[in-house]
Amino acid sequence: MSDFLWGVSTSAFQIEGAFNEGGRGPSVWDEFAPVHDNHNASVACDHYHRWREDVALMTQLGVNAYRFSIAWPRIQPTGKGPVNAEGLDFYDRLVDALVDVGIAPVVTLYHWDTPLELEAEGGWLNRDIADRFADYTALVADRLADRVKLWIPINEPAMVTLQGYAIGEHAPGKTLLFDALPTAHHLNLAHGRAVEVLRSFNANQVGTANNHTPAWPAAPNDVAAAEAYSEIHNWLYADPLLSGRYSDAVADRLPIENGDLRTIHQPLDFYGVNYYNPTRLKSPSEGNPLPFELVEIGEYPRTGFGWPIVPSGLTEMITQLRERYPNLPPVYVTESGCSFPDEIEDADRISFLDGHLKAAQAADVSGYFVWSLLDNFEWEAGYSQRFGLVHVDYETQRRTPRDSFHWYRKVISGE
């Protein structure tokens, strides 16, 4: 497995802090109100200032790949116009440092931090954002394409649509339900436009990172509910990228124009799967406007977030993908991790990762990226959930490797 990518993942908004430094503009998440205990990410892990320390931790860990995201508002403070040189320089230095220590940079161009000015113009409801995203991609690729190993244009578009625009749990906090579906098409279109741009800069490998969940019917008569959920969580994003089509169940709700599917459906060098848990569904109760209802999965142990721990669901999901898409490119598990309390001795996290890594290897994947290197700002949950192999004391910013860090180091090294 000499070419296997042993990695860790982070995202810019969750770790960088430094909201008002280096020319960064505001993002849609900067002042999103419904966050646990009014937490905010203005400091987070202070990675913007402490990135050298974090690269040193990765070197100690022994990973050969690091997946991180670039903050669009650092590159274009308003989401359009000329590059902010200071912001791009920050990532240029980070990429150089990774390459110097033999860690492959894996870059995500968008991990949910839409520039605030673009959101004011409609955000992902506005088709124009796909062109703005292509412009932004070109600015980054022009500087970094020669050194980045893997490119992921958009992280988990399903979560942007479902949590950000449909039910309002995430920024921008809209509750549009099915009227949020146009954002899915615009996210897919932006992915396609970014792939075109990256290819024009001779990018090394280009793929995606979609959040996937096996949809389990609660009872035999709930199969239709599970299928409806899977349509909007799994296939709405994978189908057009991998098959060049949308299912009939959703196509008539999408603002598709001539040529869009051709733009979206382009050869990918890899397919990234972000997996945390399966989802159980039943038919909706009276008054529910959705064609499904979520049901608790109670027969498995749970993470600190209350998510069921089901490693076999990862193998199940990758198997489903390969059956649905016979020409599926090599698969990476681009996120896999769990939140537990902040103790340094984290046997539960080790057990979780051991089970999921074995499930990933059983599915013959090409790499595995633990979410996350560091404890971080966990979106609407603020700092209440800790996913890190490295514990972060948010008062002092002291980093302390957990037992799971040392366990993962031994796994990677083959000890």
Side-chain angles (χ1 to χ4, degrees), residues 110-112 114 123-127 129-130 133 152-170 174-195 207-217 223-257 259-266 268 271-279 281 284 289-294 316-318 320-325 327-329 331 334-335:
Y110 175 74
H111 199 128
W112 306 354
T114 309
W124 291 103
L125 289 165
N126 183 349
R127 180 184 174 90
I129 198 171
F133 189 69
I152 296 166
I154 293 175
N155 176 73
E156 295 188 350
M159 301 297 97
V160 179
T161 295
L162 298 176
Q163 292 182 284
Y165 287 88
I167 63 173
E169 285 184 351
H170 284 184
K174 297 187 184 298
T175 53
L176 302 174
L177 297 180
F178 280 105
D179 288 339
L181 286 177
T183 67
H185 181 63
H186 297 153
L187 285 155
N188 289 334
L189 185 61
H191 160 88
R193 295 282 286 111
V195 173
T208 191
N210 280 336
N211 182 290
H212 282 293
T213 178
W216 293 352
V223 170
E227 290 177 346
Y229 183 82
S230 202
E231 281 288 350
I232 65 169
H233 189 123
N234 294 315
W235 314 134
L236 177 56
Y237 308 91
D239 277 355
L241 268 65
L242 297 171
S243 298
R245 61 176 176 80
Y246 287 111
S247 75
D248 293 340
V250 297
D252 61 350
R253 293 176 177 266
L254 303 174
I256 304 168
E257 297 185 8
D260 284 0
L261 286 168
R262 186 168 58 253
T263 297
I264 296 167
H265 179 219
Q266 300 182 59
L268 297 180
Y271 191 85
V273 173
N274 293 0
Y275 169 79
Y276 290 94
N277 54 265
T279 306
L281 293 308
L290 301 175
F292 50 76
E293 214 164 89
L294 272 63
E316 177 185 348
M317 193 67 241
I318 294 172
Q320 284 186 32
L321 287 162
R322 290 197 173 118
E323 289 174 349
R324 191 176 180 98
Y325 312 108
N327 296 317
L328 188 72
V331 172
T334 36
E335 284 184 30

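Sequence positions, counted from 1, serve as the residue numbers for this chain.
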How long is the gap from CE on Met159 to CG on Asn211, to the nearest 0.5 Å? 4.5 Å
Give a yes or no answer on whether the side chain of Thr279 reaches the backbone of Thr213 with a donor-acceptor pair at less than 3.5 Å. no
Is there side-chain contact between Leu162 and His233, with heavy atoms separated by less than 4.5 Å? yes
Within the 4.5 Å heavy-atom criterion, are Arg127 and Glu257 side-chain neighbours or not? yes
With sequence neighbours excluded, tell me which residues meet side chain to side chain donor-acceptor pair (under 3.5 Å) with Tyr246. His185, Asn188
Side chain to side chain, Pro278 and Met317, heavy atoms closer than 4.5 Å: no
Are there more than 12 heavy atoms of other residues, nucleotides or ligands under 6.0 Å from atom CG of Asp248? no
Value rounded to 0.5 Å, distance of CG in Leu321 from CG in Asn234: 7.5 Å
Decide side chain to side chain contact (heavy atoms under 4.5 Å, CB included) for Thr175 and Ile167; before the verdict, give the C-alpha distance in whole Å, the side-chain angles of both, and the deciding distance to 0.1 Å. CA-CA 4 Å; Thr175 53; Ile167 63 173; 5.6 Å; no
Here the pair of heavy atoms bringing His265 nearest to Pro240 is CB-O, 3.3 Å
Would you give the length of the straight line joining atom NE2 of His186 to atom CG of Leu181, rounded to the nearest 0.5 angstrom? 11.5 Å
Which heavy-atom pair separates Ala215 from Ala226 by the least distance, and what is that distance? CB-O, 3.5 Å
Partner set under side chain to side chain contact (heavy atoms under 4.5 Å, CB included) for Ala194, not counting sequence neighbours: Phe133, Thr137, Pro153
Side-chain heavy atoms of Lys174 within contact of Tyr165, under 4.5 Å: yes
Mind running side chain to side chain contact (heavy atoms under 4.5 Å, CB included) on Val331 and Arg322 for me, showing each step along the way? CA-CA 10 Å; Val331 172; Arg322 290 197 173 118; 4.0 Å; yes
Pair Thr114, Trp112 - check side chain to side chain contact (heavy atoms under 4.5 Å, CB included), show working. CA-CA 6 Å; Thr114 309; Trp112 306 354; over 6 Å; no
With Ser243 via side chain to side chain contact (heavy atoms under 4.5 Å, CB included) - residues at least two apart: Arg245, Tyr325
Please lay out, stage by stage, how Thr183 and Val160 fare under the test side chain to side chain contact (heavy atoms under 4.5 Å, CB included). CA-CA 8 Å; Thr183 67; Val160 179; 5.8 Å; no
Tell me yes or no: between the side chains of Asn210 and Tyr271, is some donor less than 3.5 Å from an acceptor? yes
Restricting to side chain to side chain donor-acceptor pair (under 3.5 Å), what partner residues turn up for Asn155, sequence neighbours left out? Arg67, His111, Asn274
What do you reckon, are the aromatic ring centroids of Trp124 and Tyr110 less than 6.0 Å apart? yes
Ion pair check, Arg324 and Asp239, cut-off under 4.0 Å: yes
Any chance you could measure Gln163, atom CD, to His170, atom NE2, to the nearest 0.5 Å? 4.0 Å
Donor-acceptor pair between Glu316 and Trp216 side chains, under 3.5 angstrom: yes
Those residues at least two apart in sequence (or on a different chain) that pass side chain to side chain donor-acceptor pair (under 3.5 Å) with Tyr237 are Thr161
Distance in Å, Ile129 CD1 paired with Leu189 CG, rounded so as to fall on 0.5 Å steps: 11.0 Å
How many angstroms lie between CG in Asp179 and CG in Leu177, if you round to the nearest 0.5 Å? 7.5 Å
So, do Leu281 and Glu293 sit near enough that their side-chain heavy atoms are less than 4.5 Å apart? no
Test item: Glu335 and Tyr275 side chains (from C-beta on) under 4.5 Å apart, heavy atoms: no
For Pro291 and Ala228, work out which heavy atoms get closest and say how close. CG-CB, 3.9 Å
Please check this pair: side chain of Glu231 against backbone of Ser247, looking for a donor-acceptor N/O pair closer than 3.5 Å. no
salt_bridge(Arg193, Asp260) N-O dist < 4.0 Å: no
Sorted by chain and residue number, the side chain to side chain contact (heavy atoms under 4.5 Å, CB included) partners of Asn126 (sequence neighbours excluded) come out as Glu121, Asp128
Does Leu290 reach the side chain of Pro284, with side-chain heavy atoms less than 4.5 Å apart? no
